[in-house]
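Before any comments, here is the structure.
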Amino acid sequence: MLTVNAYAAPSATDPLVPTTIERRDLGPHDVLIEIRYAGICHSDIHTVRGDWGAIQYPQVVGHEIVGVVAEIGSEVTLHQLGDRVGVGCMVNSCRECENCLSGDENYCLNGNTGTYASRDLDGTITQGGYSTHIVVVEDFVLKVPESIPYEAAAPLLCAGITTYSPLAHWNAGPGTRVAVIGMGGLGHMAVQIAHAMGADVTVLSQSLSKQDDGLRLGADHCFATSDPATFTELRNHFDLIINTVSAVIDMDAYLRLLRLNGTFVSVGAPAEPLPVKVFSLFGNRRSFAGSGIGSIRETQEMLDFCAEHGIASEVEVIPASEINAAYERVLASDVRYRFVIDVDTLR
Ligand code: NAP
Ligand code: ZN
Ligand code: ZN
């Protein structure tokens, strides 16, 4: 066992505090990663605060992890000492269900093993990336392209893949009109990726305060959702809407913005249900879909796509001691556009 420094939530209501956790001894296919940076995803906040259900405490979260390979198990072939690597939202899956066999292990029918707050094969609860080291089986470890700085790469491991996957699946590209609701961590990645795919991109943000950034990141248009005129002007307009909002929104108002055969995909995961009137789906034969992270193969594809297109996350690097303050700013939609923890401040 390796004892490592970490930052943990002691309960659903107390601030996160410094602590130590144990990492397992390396198995033959395991990789020990010395973590350099860990992004703060809104899912970390939902999880520690119990928005999605009760969890065990203390809990270390963080699933946007980048670092360096510090040690490898005896049979590891995919990674070498010193490699720049990343770990996202899952660290294993059953490997034998229909979805795992088709390479869609993020949709593992037995539930993939989440990077945190998930039951691991040895029965322990997984602990995430707000820590100095992590041990992960080699085929759930991604290669981080040289051209992307570590801190700007970390958010790609969740925010990047979670938006790349639906954009790719629903064929965002030249001739398609894509809207992104919410310009936070996921939203600012969706804008960049959809633009690089060739789509016409619209940001739907609560106000126009992020308009300059949106346009700079590749959006063609920005609208404020606080202005009722937005919903009349954009009626029957989009082929694809990617919803990244962490709270409940007026689904029917947004569904009416889809044109014929358009799809509304929620990656945002509020604590409460998103209610829909079926009549909002009948018009224009609209679809309401969801999408959960992406497979390992697709995550590597996304990292290589981002490197090729010069895309990365816009980050605000913080020491671990500022995690609690960063949580409050994320909750206030005051993030530009991802907080990333400098894990050296935990050593
Ligand atoms: P974030 O950085 O907080 O961004 C969310 C954005 O939504 C905010 O910046 C804000 O953008 C907008 N927003 C927030 N509250 C709002 C409200 N009450 N009404 C309207 N808009 C609001 O969060 P994130 O890390 O991108 O995560 C977004 C959501 O995706 C979370 O629920 C998270 O758990 C979920 N998620 C899902 C997956 C998946 O696999 N499906 C993966 C990762 C994250 P504006 O200021 O531009 O309005
Ligand atoms: Zn996440
Ligand atoms: Zn499976």
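We count ligands from 1, going down the list as the structure has it; atoms in each ligand are counted the same way. Every value quoted in this text rests on a predicted model; they were computed, and no experiment measured them. Atom set for the values below is all heavy atoms of this structure, side chains included, hydrogens, waters and symmetry mates excluded.
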Nearest-contact summary for [atom] - protein heavy atom, Å:
atom                    : result
atom 39 (C) of ligand 1 : T162 CG2, 3.4 Å
atom 26 (O) of ligand 1 : L186 N, 2.8 Å
atom 4 (O) of ligand 1  : G184 CA, 3.4 Å
atom 46 (O) of ligand 1 : K210 NZ, 2.6 Å
atom 44 (C) of ligand 1 : S43 OG, 3.2 Å
atom 11 (O) of ligand 1 : M183 N, 3.2 Å
atom 25 (O) of ligand 1 : R338 NH1, 2.6 Å
atom 13 (N) of ligand 1 : Q206 NE2, 3.5 Å

Can you sort out which atoms of ligand 1 are near [X], meaning under 4.0 Å from one of its heavy atoms?
X    : answer
I293 : 39 (C), 40 (O)
G182 : 7 (O), 11 (O), 12 (C), 47 (O)
S205 : 45 (P), 46 (O), 47 (O), 48 (O)
V330 : 3 (O)
H42  : 1 (P), 3 (O), 23 (O), 24 (P), 25 (O), 27 (O), 31 (C)
A247 : 17 (C), 18 (N)

Give the ring-plane orientation class for [X] versus [Y], where under 30° counts as parallel, over 60° as perpendicular and anything between as tilted.
X    : Y    : result
F279 : F282 : perpendicular
Y116 : H63  : parallel
F288 : F264 : perpendicular

NE2 (H63) to the Zn ion (ligand 2) to SG (C158) angle, given to the nearest 10 degrees: 110°
If only protein N, O or S atoms under 2.8 Å count, total around the Zn ion (ligand 3):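 The number of such protein atoms is 4.
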Could you check [options] and say which one makes a side chain to side chain contact (heavy atoms under 4.5 Å, CB included) with [X]?
X    : options          : value
Y7   : L346, T345, T19  : L346
D220 : L215, V201, T202 : V201
V87  : I65, T299, V66   : I65

Point-to-point distance, once rounded to the nearest 0.5 Å, from OG of S209 to CE of M183: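 The CE atom of M183 is 8.5 Å from OG of S209, to the nearest 0.5 Å.
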Donor-acceptor pair, side chain of H79 and main chain of V141, under 3.5 angstrom: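 A pair under 3.5 Å: yes.
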Under 3.5 Å donor-acceptor, E34 side chain and A70 backbone: no
Compute the shortest N/O to N/O distance between [X] and ligand 1 and return yes if it is under 3.5 Å, no if not.
X    : answer
V245 : no
C158 : no
V267 : yes
A269 : yes
P270 : no
H46  : yes

Pick from T244, V265, D213: the one approaching atom 29 (C) of ligand 1 most closely through a non-hydrogen atom: T244
Nearest option to atom 15 (N) of ligand 1, as decided by whichever heavy atom of G185, A332, C41, S333 sits closest: S333
Which pair of heavy atoms, one from [X] and one from [Y], lies closest together, and at what distance?
X    : Y    : value
R338 : S313 : CB-OG, 3.6 Å
T47  : A117 : CG2-CB, 4.0 Å
R23  : G128 : NH2-O, 2.9 Å
R259 : H237 : CD-O, 3.4 Å
Y327 : I40  : CE1-CG2, 3.6 Å
Q59  : Q56  : CB-O, 3.6 Å

N/O/S from C41 sitting under 2.8 Å away from the Zn ion (ligand 2): yes
Donor-acceptor side-chain pairing of R95 and N110 below 3.5 angstrom: no
Modelled atom types, side-chain donor and acceptor of S266 and N243, under 3.5 Å: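 Note: S266 and N243 side chains meet the donor-acceptor criterion.
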Any W52 heavy atom less than 4.0 Å from ligand 1: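 The answer is yes, since W52 has a heavy atom less than 4.0 Å from ligand 1.
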SB check R24 D122 (cutoff 4.0 Å):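 D122 and R24: not salt-bridged.
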